[in-house]
Amino acid sequence: MKQTPVLIVGGGYAGLASALFLSHQGVPCLLVDRHPGVSLLGRARGINPRTLEIYRPLGLDERVKEAGRPFDEEAGVARCATLAGEWQWLFSDESPRGLPELTAGEYCMADQSTVEPILIEAARAKGAELWFDTQCRSIEPDADGVTAVVEERATGERHTIRARYVIGADGYGGATRERLGIARTGLGPLRHFVTFVFKADLSEIITKRALFWIVGEPGGTASAAFVSHALRDHWGLSLLYDPDKESPDDFTDERCVAAAKAVIGRDVPVEIISRASWTEAVGVADRYRSGRVFLVGDAAHVWPPAQGLGANSAVQDAHNLAWKLAAVLAGRASDALLDTYEAERRPVALELADLTVRSQAARFGTGPEDDPVDPVTCVLGQRYASTAMAGTPPESVFGDGVSRHARPGTRAPHLWLSLDGRRIGVHDLFHDSFVLLCGPGGEEWARAAVEGVRVYRVGSELGDVEGHWQSRYGCDAVLVRPDGYVAWRSDDPASDGDPATRLAAALHQILH
């Protein structure tokens with residue numbers, strides 16, 4: 001029987017991010033995924049600034065941005081009868097990639113097939129074990145842990161795994177949620193697609209690249225065909241199908257070639273590279289935790305791909321859960337801390353599920369001007385209310401915009417800082433421990449060292465490059481969690497005593 005603190009079931013964005021963040025926190029983990037490796041399908045295009053902000057302190061941001069270079073020229077969405085015909089631009093996205101007033105992160109156009117290899121390499125380098133082509137056959141939780149049976153698909157050999165905790169990251173159709181008997185709330189399946197990547201030289205046809213093309217007359221059944229750029233001379237085509245009348249197996253290479261040529265509008269050479277099926281659905285798991293098993297990513301929530309918030313939310317789920325598991329496994333926190341994962345991330349998912357449904361209907365129906373989504377607020381303005389912070393919690397998931405004042409439950413406001421002669425963003429400091437940021441008047445706080453807390457003093461080792469400390473933090477000391485969320489402020493009227501006592505009390509309240 002193999003032992004591991006955390007078993008991760010599923011090796012997509014959510015699973016790989018979980019393995020990366022856990023191993024970065026020093027937690028050994030084992031990931032199993034039934035696929036033999038990374039999919040060639042260009043899925044989940046787009047890394048948002050919050051996700052890149054998370055990757056930065058791990059040294060992955062430049063690699064991820066480089067992976068997105070082939071897609072940098074893509075913008076907007078077009079509708080057409082065929083690619084060779086006339087295009088109608090539904091909207092042309094000219095939004096800036098960077099938001100330097102709000103974050104050191106940027107928008108990046110890398111997709112899942114190019115980022116997953118980066119996450120795999122980084123997770124393995126930090127000690128994570130990744131077993132591909134391995135199917136999880138069963139999980140049996142008990143009071144002390146979880147026993148799982150996994151099978152190597154190539155040989156049929158089975159292994160028994162004993163884990164303290166399990167992360168279910170096996171996607172919308174994965175078995176982990178169903179094994180736990182957790183229902184999903186939402187509209188359910190909306191549409192079913194077969195997506196395939198084909199190789200064709202379209203350089204004479206596509207002279208300006210969109211994020212994707214909707215192919216077919218408005219309102220017609222053919223309008224449920226979507227084309228996107230995969231890699232050089234590689235294109236992704238998604239076709240709607242009715243599962244009551246046919247199956248993905250009916251989409252043979254010959255049928256896919258014919259469909260690709262019809263969508264292109266010219267008889268050009270086409271080669272089919274890979275094929276998969278997927279379901280567009282809306283649903284949020286009624287629970288994110290069942291004892292020692294947790295759901296992340298598409299296993300926990302799904303919604304339409306409008307705004308590209310699904311895959312990014314998967315990474316942010318993993319980021320939220322990883323530091324909490326690390327604290328509990330190390331004995332620094334009680335099991336109650338793990339309940340705050342659902343308390344914080346599920347309300348965000350419920351809001352985003354509703355917003356993305358309305359956004360998709362507006363963008364491709366009533367008109368982009370009716371889109372209810374403010375992408376900057378949805379990405380950087382998510383707020384948490386749970387016991388994993390000390391102070392008055394936010395009243396809602398989203399406020400009027402991105403908070404620029406440090407309050408418990410909000411993402412720490414961005415600052416440009418200098419450290420050892422380097423220009424950094426404040427979130428570059430948050431990744432593997434709590435951080436106490438002390439202002440120019442926080443000498444006593446800076447000396448109040450508490451185990452598990454890293455201390456930085458603005459005006460001493462940290463330079464306030466743009467002079468925003470006072471307006472954005474405005475007190476002697478602010479305690480920030482490893483995920484970059486404000487946990488406590490030194491001017492909390494509910495705390496008293498000397499700095500060391502008050503800080504220790506706040507940390508105990510947060511972790512227990």
For residues [X] and [Y], determine if any side-chain heavy atom of one lies less than 4.5 Å from a side-chain heavy atom of the other.
{"X": "Tyr341", "Y": "Leu295", "result": "no"}
{"X": "Phe430", "Y": "Asp483", "result": "no"}
{"X": "Met109", "Y": "Leu211", "result": "yes"}

What's the shortest heavy-atom distance between [X] and [Y], and which atoms?
{"X": "Ala390", "Y": "Ile510", "value": "N-CG1, 4.0 Å"}
{"X": "Ser290", "Y": "Ile182", "value": "CB-CD1, 4.2 Å"}
{"X": "Tyr172", "Y": "Pro189", "value": "OH-CG, 3.4 Å"}
{"X": "Asp317", "Y": "Arg345", "value": "OD1-NE, 2.8 Å"}
{"X": "Ala326", "Y": "Gln25", "value": "CB-CB, 3.7 Å"}
{"X": "Trp87", "Y": "Cys80", "value": "CD1-CB, 3.6 Å"}

So, does [X] use its side chain to make a donor-acceptor pair with the main chain of [Y] at under 3.5 Å?
{"X": "Ser23", "Y": "Ala19", "result": "yes"}
{"X": "Tyr13", "Y": "Ser313", "result": "no"}
{"X": "Arg481", "Y": "Ala388", "result": "yes"}
{"X": "Thr103", "Y": "Gly105", "result": "yes"}
{"X": "Asp111", "Y": "Thr114", "result": "yes"}
{"X": "Arg457", "Y": "Pro440", "result": "yes"}
{"X": "Asn312", "Y": "Gly46", "result": "yes"}
{"X": "Arg191", "Y": "Glu280", "result": "no"}
{"X": "Arg489", "Y": "Ala406", "result": "yes"}

- Task: Could you walk me through whether Thr340 and Met389 pass side chain to side chain contact (heavy atoms under 4.5 Å, CB included), step by step?
- Result: CA-CA 10 Å; Thr340 68; Met389 54 200 61; over 6 Å; no
Exercise for the section: Take Arg454 and Asp432 through the test salt bridge (charged side-chain N to carboxylate O under 4.0 Å, His left out) and record every step on the way to the result. Expected result: CA-CA 9 Å; Arg454 186 183 298 120; Asp432 62 352; 2.8 Å; yes
Here's one to test your reading of the geometry: is the NZ or CZ of Lys208 within 45 degrees of the ring axis of Trp89 and under 6.0 Å from its centre?
yes
Sorted by chain and residue number, the ring pair (Phe, Tyr, Trp, His ring centres under 6.0 Å) partners of Phe398 (sequence neighbours excluded) come out as none
Taken in chain and number order and not counting sequence neighbours, the residues that satisfy ring pair (Phe, Tyr, Trp, His ring centres under 6.0 Å) with His431 are His24
Residues passing the salt bridge (Lys or Arg N to Asp or Glu O under 4.0 Å) test with Asp72, sequence neighbours excluded, are Arg69, Arg97
Salt bridge (Lys or Arg N to Asp or Glu O under 4.0 Å) filter on Asp428, not counting sequence neighbours, yields Arg56
So the side-chain hydrogen bond (donor to acceptor under 3.5 Å, both in side chains) pairs with at least one residue in residues 459-478 (sequence neighbours excluded) are Glu101-Arg472
Rounding to 0.5 Å, atoms CG (Leu338) and CG (Leu329) come to a distance of 8.0 Å
The reported gap from CG in Leu16 to CD1 in Ile8 (rounded to nearest 0.5 angstrom) is 8.5 Å
*Determine the interplanar angle of the His301 and Tyr288 rings, folded into 0 to 90°, and report it as parallel if under 30°, tilted if 30 to 60°, perpendicular if over 60°.*
tilted
key: Whether Tyr165 and Phe294 hold their rings parallel, tilted or perpendicular, with breakpoints at 30° and 60°   = tilted
For Arg502, is there an ion pair with Asp492 - N to carboxylate O distance below 4.0 angstrom? no
Q) So does Glu62 pair up with Lys65, basic N to acidic O under 4.0 Å? A) yes
Would one find more than 12 heavy atoms of other residues, nucleotides or ligands at under 6.0 Å from atom NE2 of His512? yes
Return all side-chain donor-acceptor pairs below 3.5 angstrom for residues 408-416, not counting sequence neighbours, or 'none' if the list is empty.
unit_1, atom_1, unit_2, atom_2, d
Thr410, OG1, Arg407, N, 3.3
Thr410, OG1, Arg407, O, 2.6
Arg411, NE, Glu53, OE1, 3.1
Arg411, NH2, Glu53, OE2, 2.9
Arg411, NH2, Leu102, O, 2.7
His414, NE2, Pro100, O, 3.2
His414, NE2, Trp416, NE1, 3.1
Trp416, NE1, Pro100, O, 2.9

Check: Do Leu99 and Val402 pass the side chain to side chain contact (heavy atoms under 4.5 Å, CB included) test, and can you show the C-alpha distance, the side-chain angles, and the key distance before you say yes or no?
Finding: CA-CA 12 Å; Leu99 301 166; Val402 179; over 6 Å; no
Check the pair Val450 / Leu436 against side chain to side chain contact (heavy atoms under 4.5 Å, CB included), numbers first and verdict last. CA-CA 10 Å; Val450 175; Leu436 186 70; over 6 Å; no
task = Would you sort out whether Leu240 and Phe193 count as a side chain to side chain contact (heavy atoms under 4.5 Å, CB included), showing the intermediate values?
result = CA-CA 5 Å; Leu240 186 72; Phe193 291 92; 4.2 Å; yes
